[in-house]
Number of protein chains: 2
Amino acid sequence: MTPRPVPRSTVARLPIYLRALEELTAQGVTTTSSGQLAELAGVGPAQLRRDLSFLGSHGVRGVGYDVEHLGEQVATALGVTADLAVVIVGVGNLGHALANYVAGTGQGFRVAALVDADPTVIGTVVAGLEVEDVAGLEEVVRREEATVAVLAIPSAVAQEVCDRLVEAGVTGILTFVPRVLQVPEGVDLRSVDLGTELQILAFHEQRKAALRG
Amino acid sequence: MTPRPVPRSTVARLPIYLRALEELTAQGVTTTSSGQLAELAGVGPAQLRRDLSFLGSHGVRGVGYDVEHLGEQVATALGVTADLAVVIVGVGNLGHALANYVAGTGQGFRVAALVDADPTVIGTVVAGLEVEDVAGLEEVVRREEATVAVLAIPSAVAQEVCDRLVEAGVTGILTFVPRVLQVPEGVDLRSVDLGTELQILAFHEQRKAALRG
DNA sequence: TAGTGTGAACGTTTTCACAGCT
DNA sequence: AGCTGTGAAAACGTTCACACTA
């Protein structure tokens, strides 16, 4: 056993492999190969084997991988074996969609609480949970022992809410706010921004247009 | 002038720089430095200078960068100077949020059309636009001369809709569907998946827990 | 024989450190 | 004097190609 550190780029692909393995399980497939799995994941076979090698040797030469066993290994590596409590801050359209997504497909997660600042939203029930007042954010985080939060709130209040979450004990934040947030060492921040994604597409559209134009 | 190819990783950061430059403009700042801009963007000064160097030399040694001029250069490089038509497919909570986002902050984009399959949604007005029937997807794409589409629909129909979009002339797709999509050469696909993002956070949470536990 | 696991080659991205310009 | 722009070095990531083994 050689517990090498798993590279960032590999970690980013593990969830895709896990989904592919779940699909295969659902189809009743019990054994797979790096070729098949790579195809499903949209990567090269060599890359897939290299990625999996960081989790240890779980394949059988000449045969392939046991779908169920490999699925367990990937899930264990990702740390999605026990449900992680997630607090969603901001229950507009986006927060609403996120809450339903996590509540629905929640493999490895559960929506621990929903929080908003809008009095017309507080008290309503979304994804089976009553929306609570952001004023009690710290209590909610401590009550649920949540370490992960999702931010779907206006830019203007994002840094303040982020600071309060960290102060209350959150160490992982997924933000949909189009703004750079500052977090202390030891807190992981992942940012998803529609504007950024569209602008990257715009760049490639321009390049393609230039080649023709 | 040396029009070197802009690396992928640099392209991914340009939108962040553009936002930072717009913030500075809003604050009335006319000149900035790699140090200040890097701070706002959350990257190192050397990385920022290297990134900007791919767009040509626009800084002044000993002084810094002209905020307005640099903003124009970055916008031009990204291809967000003229509004790009975007079709949003799927107007559930997520599609709704995306439509409002693009319609609101739309620097470089405009929502050309909204499309859905649900009869109770078709005909309703969202973000100032009437939702159209997905049955007429191809006509909508051609009518608006849209080259970019956003997918916020159920997994089961995603590949089919994707194929139809490509067939109709779309060459850039941003998908929020948790599934690997196949697109032909020449079509750019960017994927955003909440489940993947949360699982990456779970990985880091586990690592931190292991260091303490 | 078929398919894994991995050393080695290759390509990309980041960082350093400083020459060069204003 | 101060900040940019960039060679050179280091770090990181991907792909190749094949030895190895069930």
Side-chain angles (χ1 to χ4, degrees), chain A residues 1-17 20-21 24 29-71 73-74 77 200 203-204 207, chain B residues 1-17 20-21 24 29-74 77 200 203-204:
Chain A
M1 203 215 284
T2 326
R4 288 158 288 186
V6 185
R8 301 184 81 71
S9 53
T10 295
V11 173
R13 281 185 295 267
L14 291 181
I16 302 169
Y17 302 155
L21 288 165
L24 289 173
V29 178
T30 59
T31 303
T32 188
S33 66
S34 63
Q36 180 180 37
L37 205 45
E39 170 92 22
L40 287 171
V43 302
Q47 174 144 250
L48 184 128
R49 290 202 301 277
R50 173 77 70 195
D51 283 341
L52 294 185
S53 78
F54 291 111
L55 316 185
S57 288
H58 299 290
V60 180
R61 287 168 201 244
V63 178
Y65 301 92
D66 180 80
V67 172
E68 190 183 332
H69 178 250
L70 187 57
Q73 294 308 315
V74 175
I200 294 170
F203 173 87
H204 293 294
R207 239 171 34 87
Chain B
M1 207 214 281
T2 325
R4 287 158 291 186
V6 184
R8 298 184 83 72
S9 53
T10 294
V11 173
R13 281 185 296 268
L14 291 181
I16 302 170
Y17 302 155
L21 288 166
L24 289 173
V29 178
T30 59
T31 303
T32 187
S33 66
S34 64
Q36 180 180 35
L37 205 47
E39 170 93 21
L40 287 172
V43 302
Q47 175 145 245
L48 184 128
R49 290 202 301 277
R50 173 75 69 194
D51 284 340
L52 294 184
S53 78
F54 291 110
L55 316 185
S57 288
H58 299 290
V60 180
R61 289 171 199 242
V63 177
Y65 302 91
D66 180 79
V67 172
E68 191 182 331
H69 178 250
L70 187 57
E72 281 164 17
Q73 296 307 315
V74 175
I200 294 171
F203 173 86
H204 294 293

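Order of the sequence lines fixes the chain letters, A, B, ..., with proteins taken first and strands second; residue numbering starts at 1 for each chain.
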Between [atom1] of [X] and [atom2] of [Y], what distance do you get to the nearest 0.5 Å?
| X | Y | atom1 | atom2 | result |
| --- | --- | --- | --- | --- |
| B/L40 | B/I16 | CG | CD1 | 12.0 Å |
| B/L55 | B/T10 | CG | OG1 | 8.5 Å |
| A/R50 | A/R13 | CZ | CZ | 11.5 Å |

Quick one: [X] [atom1] to [N] [atom2], roughly how many Å, whole number?
| X | N | atom1 | atom2 | result |
| --- | --- | --- | --- | --- |
| B/R8 | D/dT14 | CZ | P | 12 Å |
| A/F54 | D/dC12 | CZ | P | 12 Å |
| A/L70 | C/dG5 | CG | C1' | 14 Å |
| B/Y17 | D/dT4 | OH | P | 13 Å |
| B/L48 | C/dT15 | CG | P | 12 Å |
| B/D51 | D/dG5 | CG | P | 12 Å |
| B/L52 | C/dT14 | CG | C1' | 15 Å |

[X] side-chain N/O to [N] phosphate OP1/OP2 under 4.0 Å:
| X | N | answer |
| --- | --- | --- |
| A/S33 | C/dG3 | no |
| B/S53 | D/dT4 | no |
| A/S34 | C/dT4 | yes |
| B/R13 | C/dT14 | yes |

Evaluate whether atom CD of A/E68 has more than 12 neighbouring non-hydrogen atoms of other residues, nucleotides or ligands under 6.0 angstrom away.
->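 No, the 6.0 Å shell around CD holds no more than 12 heavy atoms from other groups.
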Take atom CD in B/E39; do more than 12 heavy atoms of anything else shown fall under 6.0 Å from it?
->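 Open.
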With sugar-phosphate meaning primed atoms plus P, OP1 and OP2, does A/P7 contact a base, only sugar-phosphate, or nothing at under 4.0 Å between heavy atoms?
->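 Sugar-phosphate, backbone atoms only, no base.
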Contact class for A/G44 (heavy atom, under 4.0 Å): base, sugar-phosphate, or nothing?
->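 Contact class for A/G44: none.
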Given [options], identify the nucleotide with an atom nearest to the side chain of [X].
| X | options | answer |
| --- | --- | --- |
| B/Q47 | C/dT14, C/dT13, C/dG5 | C/dT14 |
| B/S57 | D/dC16, C/dG5, D/dG5 | D/dG5 |
| B/S9 | C/dT22, C/dT13, D/dA22 | C/dT13 |
| A/R49 | D/dA22, C/dG5, C/dA8 | C/dG5 |
| A/Y65 | D/dG13, D/dG5, C/dT4 | C/dT4 |

5' priority, DNA chain C, between B/V63 and A/A46 [closest heavy atom] =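 Looking at DNA chain C, the more 5' nearest nucleotide goes with A/A46.
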Identify, between A/G62 and A/H58, the residue whose nearest nucleotide on DNA chain C lies closer to the 5' end.
->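 This one resolves to A/G62.
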Indicate, yes or no, whether a donor-acceptor pair under 3.5 Å links the base of C/dT15 to the side chain of B/R50.
->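 Yes.
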On a plain distance test, is the side chain of B/R61 in donor-acceptor contact with the base of D/dT4 below 3.5 Å?
->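 When only heavy-atom distances are counted, B/R61 does reach the base of D/dT4 through a donor-acceptor pair under 3.5 Å.
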Determine the minimum heavy-atom distance between A/V67 and A/T31, stating which atoms define it.
->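 Smallest interatomic distance, heavy atoms only, reads CG2-N, 3.8 Å.
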